Amino acid sequence: MSRVAVVGVGYVGLPTAACLAALGHTVVGCDVDQIKVDKLNAGVSTMHEVGLDDLLHGARADGRLAFICSAPLAVMGAEFTFLCLPTPPCSDGSVDLSHILAVVDEIGPHLMAGSVLITKSTVPIGTSRLLAKRLNRSDVIVVSNPEFLREGAAVEDFLRAERVVVGADSAEASQSVGRLYAGTDAPVISVSPESAEIAKYAANAFLATKLSFVNEISAMCEELGADAGEVFAAVGADSRIGAGFLEPGPGWGGSCLPKDSAALLHAARSVELEPTLLRETIQANEQQFVRIADKVCRAVGGSLPGRILTIWGLTFKAGSDDLRMSPSLKIADLLIAAGASIRAFDPTLDGQAASLGADITLCPDAYSACEGSSAILVLTEWPQFGDLDLHRAATQMVWRAVVDARRVIDPAKAAAAGFTLDRIGSGAAEERGAGVKVAAA
Ligand SMILES: NC(=O)c1ccc[n+]([C@@H]2O[C@H](COP(=O)([O-])OP(=O)(O)OC[C@H]3O[C@@H](n4cnc5c(N)ncnc54)[C@H](O)[C@@H]3O)[C@@H](O)[C@H]2O)c1
């Protein structure tokens with residue numbers, strides 16, 4: 001078992017630290033955020049992630065996991081140091097490496113001779129070599145080990161990973177990093193640092209392309225009288241295509257797909273290639289947000305100024321409390337710009353935690369979010385939304401329309417409660433119509 005430091009304990013770093021400790025390693029997690037570190041040392045998790053609390057409690061009780069603020073102290077004596085730091089986008093789509101570079105400069109002199117510095121952050125192609133040069137330590141090996149976990153299933157994805165990708169120049173370095181994952185049964189794919197770095201971007205760009213394609217076909221289903229659920233059950237049964245990532249939705253978002261697609265586009269253009277498919281994938285996604293906003297406008301009779309609208313689900317996906325680049329917020333912005341105001345509910349957010357604009361009122365439950373509202377928009381695929389009492393919701397509203405961009409509302413229940421339902425990926429256009437007006441609005 002190894003001594004490991006994890007620098008940056010956010011959505012990637014914290015599950016990484018907890019899972020490595022659960023595999024038996026001794027882990028020190030480090031973060032600049034003192035409040036986060038204090039909470040974690042007090043046994044309070046800083047994010048909503050299934051299974052994480054139990055791992056944190058277990059590892060802390062066994063003395064295999066601690067958190068500190070000092071990166072130099074965290075890496076002292078560590079055989080392996082993971083960088084799980086933010087790599088936000090610059091305005092031109094390129095990647096801001098300042099967090100990574102600052103930490104490498106800070107920890108460089110303190111890394112143990114013979115240790116391995118591992119980049120888990122998603123970084124541009126060539127970053128491993130750049131870091132090795134900057135570090136200027138022939139006794140420290142720099143390795144790329146991109147992370148593929150999904151928020152909302154981070155623990156499961158780490159402990160039952162489908163693959164571990166290690167980008168290194170030597171087989172020995174690759175094997176030593178691969179051994180850290182012993183116990184997960186994940187196959188280790190050893191490649192060059194550049195291949196590891198581009199593999200992460202290619203995987204996310206492929207997923208984004210799949211989603212934009214699904215949304216495009218779903219729009220056709222709506223207009224041509226087919227059902228996207230039936231269509232993609234048939235399409236996904238083909239093992240060359242695969243059944244995952246075939247659900248239509250309000251557009252893709254989150255902290256990774258948008259920034260990583262933009263970064264890959266930028267990388268291609270920097271070598272004078274124009275990736276037309278990737279470019280159109282990104283463009284199609286922007287259009288999807290507009291399409292959903294248009295559906296809402298149509299559902300309430302064609303006019304948004306002065307309307308109150310209800311959003312069920314603000315996070316970018318179910319199972320996570322992450323609001324970064326959430327499609328819900330993108331669509332809310334479009335509706336607000338058109339004159340509407342928003343009442344919203346999300347199971348993981350409370351009023352204090354969420355920093356939302358003044359035009360979005362965060363409500364304590366799904367029903368109070370319907371007060372005075374003209375339409376319910378379902379924008380995150382929380383399964384519990386399907387169990388809500390639509391009759392109760394209807395009593396709060398001045399107009400009864402549902403736009404379900406996640407296909408979680410039962411059409412029969414919506415009809416029984418007097419709602420019109422625009423369900424993404426299904427229904428002939430003429431059946432959707434406008435919502436039902438129940439009072440002067
Ligand atoms: N979120 C995901 O699902 C996911 C999946 C795969 C890869 N990634 C990549 O992993 C990286 C991290 O993403 P994230 O979502 O965990 O980000 P995050 O913002 O949730 O976490 C980053 C953490 O680093 C800390 N930090 C910043 N500067 C620091 C410093 N100088 N020293 C110590 N800590 C510092 C921040 O306080 C924060 O807690 C990014 O490159 C991202 O693209 C993310």
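Atoms within a ligand are numbered from 1 in the order they appear, just like the ligands themselves. Just so it is clear, the model here is predicted, and its values are computed rather than measured.
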Does the Glu147 side chain pair with the main chain of Ser121, one donor and one acceptor, at a distance under 3.5 Å? no
Answer with yes or no whether the side chains of Trp312 and Thr380 bring together a donor and an acceptor at under 3.5 Å. no
Please check if the number of heavy atoms outside Phe213 that lie under 6.0 Å from its CZ is greater than 12. no
Residue Gly8 vicinity, atoms of ligand 1 by number, heavy atom under 4.0 Å: 23 (C), 24 (O), 25 (C), 34 (N)
Check: Ala318 main-chain N/O paired with Thr315 side-chain donor or acceptor under 3.5 Å: no
From Ile107, Leu83, Leu85 - option closest to atom 29 (C) of ligand 1 by heavy atom: Leu85
Before you tell me yes or no, could you show the steps for Lys210 and Glu247 under salt bridge (Lys or Arg N to Asp or Glu O under 4.0 Å), namely the whole-Å CA-CA distance, both residues' side-chain angles and the distance that decides it to 0.1 Å? CA-CA 10 Å; Lys210 205 171 178 187; Glu247 287 89 28; over 6 Å; no
Has Arg3 got its NZ or CZ under 6.0 Å from the middle of the six-membered ring of Phe80, at an angle within 45 degrees of the ring axis? no
Between Asp227 and Arg407 (salt bridge meaning N to carboxylate O under 4.0 Å), is one present in this structure? yes
Heavy atoms only, cut-off 4.0 Å: how does Ser121 contact ligand 1, side chain, backbone, both, or neither? both
closest protein heavy atom to atom 30 (C) of ligand 1 is Val32 CG1, 3.4 Å
Quick check against the 3.5 Å criterion: does Asp404 have a side-chain atom that pairs as donor or acceptor with the backbone of Ile409? yes
Polar atom proximity, Glu147 to ligand 1 (N or O, under 3.5 Å): no
Ile198 atom CD1, over 12 foreign heavy atoms within 6.0 Å: no
Heavy atoms only, cut-off 4.0 Å: how does Thr122 contact ligand 1, side chain, backbone, both, or neither? both
Taking only heavy atoms of Val103, which atoms of ligand 1 are found under 4.0 Å from at least one of them? 30 (C), 31 (N), 32 (N)
Would you kindly specify which portion of Val7 sits under 4.0 Å from ligand 1, judged on non-hydrogen atoms: side chain, backbone, both or neither? side chain
Atoms of ligand 1 under 4.0 Å from any heavy atom of Cys84, numbered from 1 in the order shown, are 12 (C), 22 (C)
As a check for students: among Ala74, Pro15, Pro86, identify the option with a heavy atom nearest to atom 27 (C) of ligand 1. Pro86
What is the nearest protein non-hydrogen atom to atom 25 (C) of ligand 1, stated with its residue, atom name and distance? Asp31 OD2, 3.2 Å
Give the residue and atom name of whichever protein heavy atom lies nearest to atom 17 (O) of ligand 1, and the separation in Å to one decimal. Arg324 NH1, 3.5 Å
Determine, using heavy atoms of Cys256 and all atoms of ligand 1, whether some pair is separated by less than 4.0 Å. yes
Considering only heavy atoms, which of Glu106, Lys200, His99, Lys36 lies nearest to atom 28 (N) of ligand 1? His99
Going by the order shown, which atoms of ligand 1 are within less than 4.0 Å of some heavy atom of Ser255? 1 (N)
Heavy-atom proximity to atom 8 (N) of ligand 1, picking from Leu149, Val95, Val12, Asp260, points to Val12
Can a cation-pi geometry be assigned to Lys36 and Phe67, taking NZ or CZ under 6.0 Å from the six-membered ring centre and within 45° of the ring axis? no
Partners meeting ring-ring contact (aromatic ring centres under 6.0 Å, His included) with Phe158 (sequence neighbours left out): Tyr181
Taking atom 42 (C) of ligand 1 as the point of reference, which of Lys317, Lys259, Gln34 owns the nearest heavy atom? Lys259
